[in-house]
Amino acid sequence: MSHAATPRRYFLETWGCQMNELDSQRMAGQLMQLGILPTKRPEEADVILLNSCSVREKAEQKVYSSLGRYRRFKQDRPSMLIGLCGCVAQQEGERALRRVAELDFVLGPARVGELTELIARRRQGERLVATGFPAQTDYAFDNISRDGIYKGMVTIIEGCNKRCTFCIVPQTRGPERCRSLAEILAEVRHLVAFGFLEIELLGQTVNHWREPDGERDFADLLDAVARVPGVERLRFVTSYPRDFTPRMVEMVGRHPNICPYLHLPVQSGSDSVLRRMARGYTVDDYRRLAAALRDARPDLALSTDIIVGFPGETEDDFQETMELLRELQFSSVFAFKYSPRPGTAAPRLGGDVALEVADRRLQKLLGEQQEIQRRLNRELEGEVFDVLVTGWGRQPATQSGRTPCHRIVHFPVEGAGTTLGQVLPIVIERGNPNSLMGRPAPG
Ligand code: 5AD
């Protein structure tokens, strides 16, 4: 009898947005096809991949501190490969290889499909940088190692052509490229056939999708995907306010399987800040869009992103942001202190806000938003939601899941519990600021 060789192992750490999450799933899929299996212990890995984010400076520092930890494992495992991937990889390129001697390759986000090839060439001695934005990318979707079984992510548009003055994404993810409708629908059908109930369409400005060499826009795409039999829940992230057309709003109202949840970053409640950010809309434009969406879908939960301490932000500007939060009652808010990024225009605008001031604004905003969410979620007590079960709770005999409006629900289970990926009616007993507690509704 022969002994099977010990399988080789990979360790993959991911930071950042859903795009990065999906890129990691694509890389994991390629490694598994090479017979390299996941491990939770970096010290025993044969391949370590760091999929990085550079949207704020703090995110960028994290990848370098991990790299500092993992490079030492190479002393005991000289055959170990370490790859820097994602947005920092695109940004740093060659520089990363010079800075970190233990680094074997640098792989940008538009080229994750080339991981297998890069590993093979490294084994032959080449230390490579694969960055940039090839015009044609071969997007293989049948070997993605999907995490979990309930949510299938589908990229529809990559990159961004906008020039928001704070944002590094156009540099790290490159110019906008759209996938064809036929290809997107093929991937959606493939996911449904595998039992995924929820489809999440991805793009940095997801609602700016256009059919390449065609007429169709994101409203047509939403319509087409929502009609695919078996798509129980359809979500999309992230929408750009200015690109939302009345037809898109209409589609959100028309298809019940489009989730009544929308992430719509406003960034600031002050027109002068929005102008300096070059967002291309006013606070009133945003208000009108939010109202139209809520007209179309009265149960719609809106979430948003806010930057505080943007150059030139006065106390009055900040107060306008606070007023907008009170007025629009977001179901959740992702708030960040402004962080200057290389190659962006905002650092040259002047009017830097002192760190303590930005800190204080951030705390103030987060505190008030907690109260808003506490009130909103309390109002849901007694309601019954169809909850898509996504995991086990930290408490014994509990599970958790998501309402159609994307709120997290924890509930006790009896017996073996509900299979992950199934939908269960849950009555809400308590609304906390960041989650709901409930129990299975009596049949
Ligand atoms: N500083 C702080 N926050 C930023 N974001 C993007 N760039 C920066 C920056 N330079 C935030 C925006 C965006 C979210 C993904 O990250 O709010 O919507």
Side-chain angles (χ1 to χ4, degrees), residues 14-23 51-62 86-88 90-91 109 157-174 200 202-208 236-244 262-270 273-281 283 286 289-290 302-313 317-318 321-322 324-325 328 330-355 357-363 365-366 369:
T14 308
W15 295 268
C17 61
Q18 280 97 332
M19 296 274 199
N20 269 17
E21 245 178 79
L22 181 56
D23 286 345
N51 195 3
S52 59
C53 168
S54 62
V55 77
R56 285 169 296 276
E57 196 183 356
K58 225 187 237 155
E60 188 177 332
Q61 285 161 356
K62 282 185 195 153
C87 289
V88 177
Q90 175 59 39
Q91 197 185 310
I157 171 171
E158 293 190 272
C160 183
N161 288 348
K162 304 222 163 27
R163 284 291 174 270
C164 302
T165 54
F166 53 81
C167 190
I168 198 169
V169 166
Q171 299 167 59
T172 60
R173 290 214 164 246
E200 187 176 41
L202 298 189
Q204 230 71 46
T205 54
V206 74
N207 57 337
H208 202 239
F236 46 97
V237 69
T238 295
S239 298
Y240 193 83
R242 199 181 60 199
D243 293 327
F244 234 103
L262 195 68
H263 185 59
L264 197 63
V266 65
Q267 311 297 359
S268 171
S270 147
V273 173
L274 289 177
R275 221 167 18 247
R276 273 172 298 125
M277 289 176 165
R279 293 288 286 177
Y281 54 84
V283 180
Y286 187 93
L289 175 57
L302 264 188
S303 71
T304 203
D305 291 345
I306 302 273
I307 297 176
V308 298
F310 187 77
E313 184 189 66
D317 292 325
F318 175 65
T321 298
M322 295 296 284
L324 191 70
L325 291 198
L328 290 186
F330 293 105
S331 66
S332 65
V333 171
F334 302 89
F336 313 99
K337 254 184 304 178
Y338 168 69
S339 162
R341 306 309 295 131
T344 59
R348 293 193 304 272
L349 291 175
D352 288 6
V353 174
L355 210 58
V357 174
D359 265 327
R360 186 168 43 71
R361 289 180 187 166
L362 183 65
Q363 291 318 316
L365 189 153
L366 291 174
Q369 179 60 26

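All values reported here derive from a predicted model rather than from experimental measurement. When a ligand or atom number is given, it counts from 1 through the structure's own listing order.
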Go through ligand 1 atom by atom and flag the ones less than 4.0 Å from a non-hydrogen atom of Gln267.
12 (C), 13 (C), 17 (O), 18 (O)

For residues His263 and Phe236, establish whether the separation of their ring centroids is below 6.0 Å.
no

Would you say the side chains of Thr14 and Asn51 form a donor-acceptor pair under 3.5 Å?
no

Run down the list Thr344, Val308, Ile307, Val266 and name the one with the heavy atom closest to atom 4 (C) of ligand 1.
Ile307

Chi angles and distances behind the side chain to side chain donor-acceptor pair (under 3.5 Å) call for Tyr240, Arg242:
CA-CA 6 Å; Tyr240 193 83; Arg242 199 181 60 199; 4.7 Å; no

What residue and atom, counting heavy atoms only, is the protein's closest point to atom 6 (C) of ligand 1, and at what distance?
Val55 CG2, 3.4 Å

Does Thr304 reach the main-chain N or O of Val266 with its side chain, forming a donor-acceptor pair under 3.5 Å?
yes

Which protein heavy atom lies closest to atom 16 (O) of ligand 1, and at what distance to 0.1 Å?
Arg56 NH1, 2.9 Å

Is any N or O atom of Ser339, backbone or side chain, closer than 3.5 Å to an N or O atom of ligand 1?
yes

Can you report which non-hydrogen protein atom sits closest to atom 14 (C) of ligand 1, along with the distance?
Asp305 OD2, 3.4 Å

Between Ser270 and Val273 (side chain of the first, backbone of the second, donor and acceptor by atom type, cut-off under 3.5 Å), is there such a pair?
yes

the protein heavy atom lying closest to atom 7 (N) of ligand 1 turns out to be Phe166 CD1, 3.3 Å

Nearest-0.5 Å distance, CD of residue Gln267 to CD1 of residue Ile307
4.5 Å

Tell me which protein heavy atom sits closest to atom 2 (C) of ligand 1, plus the residue, atom name and distance to 0.1 Å.
Lys337 O, 3.3 Å

